[in-house]
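Position 1 is the first residue of the sequence, and the numbers go up from there.
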Amino acid sequence: MQQPASPASRGGTPRLRKRDSSAPSTPRAGGVRRRTTFREDVGHAAAETYLVTRLAFILLRSLGVGSRWICQLLALLTYAVLLMPGFIKVGYYYFFSSQVLRSVIYGNQPRNRLDMYIPRERRKPNPVVVFVTGGAWIIGYKAWGALLGKRLAERGIIVACVDYRNFPQGTISDMVGDASEAISFICDTVASYGGDPNQIYLMGQSAGAHIAACALLEQAVKESRGEEIYWSVTQIKSYFGLSGGYNMQNLVDHFHERGLYRSIFLSIMEGRRSLPQFSPEIVIQKLSHEAIALLPEIVLFHGTGDYSIPSSASENFADVLKKVGAKTKVQLYKGKTHTDVFVQDPLRGGKDPLVEDVVSIIHADDAVARQKDDSAARPERLVSEWQIMLARQISPF
């Protein structure tokens, strides 16, 4: 695989503007943030639960509670029950592991928090993945990335799982703005958490892949125009898009048939006229050569059995990227569904194809890390195979 260009080779010195030091996301003296107590976390979780519940009722009033949504809800609940043994183990790790820093504040807006998964071994600065979770732009939450965070942290990689405003609390421009704010926070402060500011990777899953791609391209446009920015695209070594959609105009009808009704989706995207603005596949074709030169390598992962967002979404985006001269690669997983790659496969334990592919890119230039990867203990199985297979059949995603 062609390695991403260094920041120096991808553009000149950007006009970086310092973040507001009065913002609550500024680390405390010495670069160490006070660890929140379990009681504080419970209080925060209760407040967020109330908020999400209230927003859910607002959303249901907009959607109408028809038989299709009731069936989808029942399928989701059954899916969660079947995989509950694994979710409980991951949840225990999430709440009680000393390697997880929960609800780190990165900005001033509601839900501007992220979770950080810190490797045990920290003899030198660790690579960092900024991960934007999925959730159909409606039910995204930072804890959805707990299993990925755990797996990558076990391989010596810091993971920052980003929370952001969902619809109807915010629309797509709010989500992209939150993601950009989180990336800026990580670029500014990750060294305080043991991260290597020269090895920052941006990753998103499903709706999170779309949001992260929008943030990356928006930043490239600003930087190529010489505008003041809070983080530079050249600080990102690679972008990883997992099961993402990148042309919203082509997906409106598909999502409508899948239950994300056209009226709601267009409200999320701020109207039909805004679809091109928030379609990375369309935006990339209008970028200047200077903006494209700033972009890191873009790696797209997708299962060919994905019916929530078809794998052609990643393939088409990659074709356009190649035409405009951007560095890109597509990794397809034969027969894998929307949740296989991100949920079911990791719960099986053993060698996880997605984790292995991501780690191989991040550790490509680190011979010591690659040796450790070869001898690393395989994760334990968290859920029985029959439960995984049944959940796979029932999954509404």
Side-chain angles (χ1 to χ4, degrees), residues 41-42 44-57 59-60 63 65-97 100 102-103 111 115 117 131-151 161-164 166-167 204-209 242-243 255 258-260 264 303 305-309 336-349 352 354-355 379-397:
D41 286 336
V42 170
H44 173 63
E48 287 198 334
T49 300
Y50 170 76
L51 173 63
V52 171
T53 302
R54 182 171 62 84
L55 295 176
F57 278 108
L59 181 63
L60 287 173
L63 290 171
V65 185
S67 59
R68 184 169 189 173
W69 271 90
I70 292 174
C71 290
Q72 291 280 69
L73 177 61
L74 291 175
L76 177 60
L77 291 174
T78 306
Y79 174 82
V81 169
L82 285 168
L83 301 181
M84 191 57 67
F87 293 159
I88 290 173
K89 293 176 183 177
V90 175
Y92 183 86
Y93 165 82
Y94 177 76
F95 281 108
F96 297 105
S97 173
V100 182
R102 298 179 301 278
S103 296
R111 297 188 65 173
D115 297 325
Y117 298 81
F131 181 66
V132 184
T133 60
W137 303 274
I138 296 173
I139 58 170
Y141 186 58
K142 55 188 172 63
W144 299 168
L147 185 52
L148 178 69
K150 182 177 188 296
R151 291 287 185 259
C161 289
V162 177
D163 204 6
Y164 52 90
N166 285 193
F167 183 81
Q205 185 264 342
S206 190
L242 172 59
S243 306
F255 287 148
R258 294 284 304 157
L260 180 54
I264 297 299
D306 190 335
Y307 43 84
S308 292
I309 301 178
K336 297 294 184 180
T337 67
H338 199 68
T339 55
D340 277 339
V341 181
F342 187 62
V343 181
Q344 284 96 258
D345 284 352
L347 289 174
R348 284 190 168 94
D352 179 1
L354 173 67
V355 169
E380 66 173 335
R381 174 180 282 274
L382 300 178
V383 179
S384 299
E385 186 62 21
W386 73 266
Q387 290 172 281
I388 290 177
M389 294 304 295
L390 185 55
R392 186 179 191 270
Q393 296 301 316
I394 294 172
S395 171
F397 302 109

Could you pull out the closest heavy-atom pair between [X] and [Y], with the gap in Å?
| X | Y | result |
| --- | --- | --- |
| A207 | G135 | CB-N, 4.2 Å |
| R258 | S308 | NH2-OG, 3.7 Å |
| G145 | T133 | N-CG2, 3.8 Å |

Original post:
Yes or no on side chain to side chain contact (heavy atoms under 4.5 Å, CB included) for L260 and I138, after CA distance, side-chain angles and deciding distance?
Top reply: CA-CA 10 Å; L260 180 54; I138 296 173; 3.8 Å; yes

**OP:** Output yes when a side-chain donor or acceptor of W144 lies under 3.5 Å from a complementary backbone atom of C161, and no otherwise.
**Re:**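 No, the answer is negative, given that no donor and acceptor are paired below the 3.5 Å cut-off.
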
Original post:
Would you say D345's side chain and D352's backbone share a donor-acceptor pair under 3.5 angstrom?
Top reply: no

For the [atom1] atom of [X] and the [atom2] atom of [Y], what is their distance to the nearest 0.5 Å?
| X | Y | atom1 | atom2 | value |
| --- | --- | --- | --- | --- |
| D306 | F397 | CG | CZ | 11.5 Å |
| S395 | L76 | OG | CG | 8.0 Å |
| Q205 | S243 | CD | OG | 5.5 Å |
| L354 | L242 | CG | CG | 5.5 Å |
| L347 | K89 | CG | NZ | 9.5 Å |
| R102 | S97 | CZ | OG | 9.0 Å |

Subject >> Worked verdict on L382 versus L147 for side chain to side chain contact (heavy atoms under 4.5 Å, CB included) >> reply: CA-CA 11 Å; L382 300 178; L147 185 52; 4.2 Å; yes

Subject >> Beyond-backbone contact of Y141 with Y164, side-chain heavy atoms, under 4.5 angstrom >> reply: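 Answer no - side chains too far apart.
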
**OP:** Take S206 and I309, measure what side chain to side chain contact (heavy atoms under 4.5 Å, CB included) needs, and give me the verdict at the end.
**Re:** CA-CA 8 Å; S206 190; I309 301 178; 4.0 Å; yes

Which atom pairs, one a donor and one an acceptor, fall under 3.5 Å between side chains of residues 78-88 and the rest of the protein, sequence neighbours left out?
unit_1 : atom_1 : unit_2 : atom_2 : d
T78    : OG1    : L74    : O      : 2.9
Y79    : OH     : Q344   : OE1    : 2.5

Subject >> Side-chain donor-acceptor contact under 3.5 Å, D115 with Y94 >> reply: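 Indeed, the side chains of D115 and Y94 share at least one donor-acceptor pair under 3.5 Å.
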
Original post:
Any side-chain donor paired with an acceptor under 3.5 Å for K142 and S103?
Top reply: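 On atom types as modelled, these side chains qualify, holding a pair under 3.5 Å.
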
**OP:** Compute the ring centroids of F131 and F342, then answer whether they are less than 6.0 Å apart.
**Re:** yes

Original post:
Do the ring centers of W137 and F255 come within less than 6.0 Å of each other?
Top reply: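 That pair passes the under 6.0 Å test.
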
Original post:
Do R392 and D340 sit within salt-bridge range, that is, some charged N less than 4.0 Å from a carboxylate O?
Top reply: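 Counted as a salt bridge, because a side-chain N and a carboxylate O are separated by less than 4.0 Å.
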
**OP:** Determine, stepwise, if the pair R348 / I388 fulfils side chain to side chain contact (heavy atoms under 4.5 Å, CB included).
**Re:** CA-CA 8 Å; R348 284 190 168 94; I388 290 177; 3.5 Å; yes

**OP:** Hey, can you tell me if Y92 and F96 have their rings parallel, tilted or perpendicular (30° and 60° cut-offs)?
**Re:** tilted

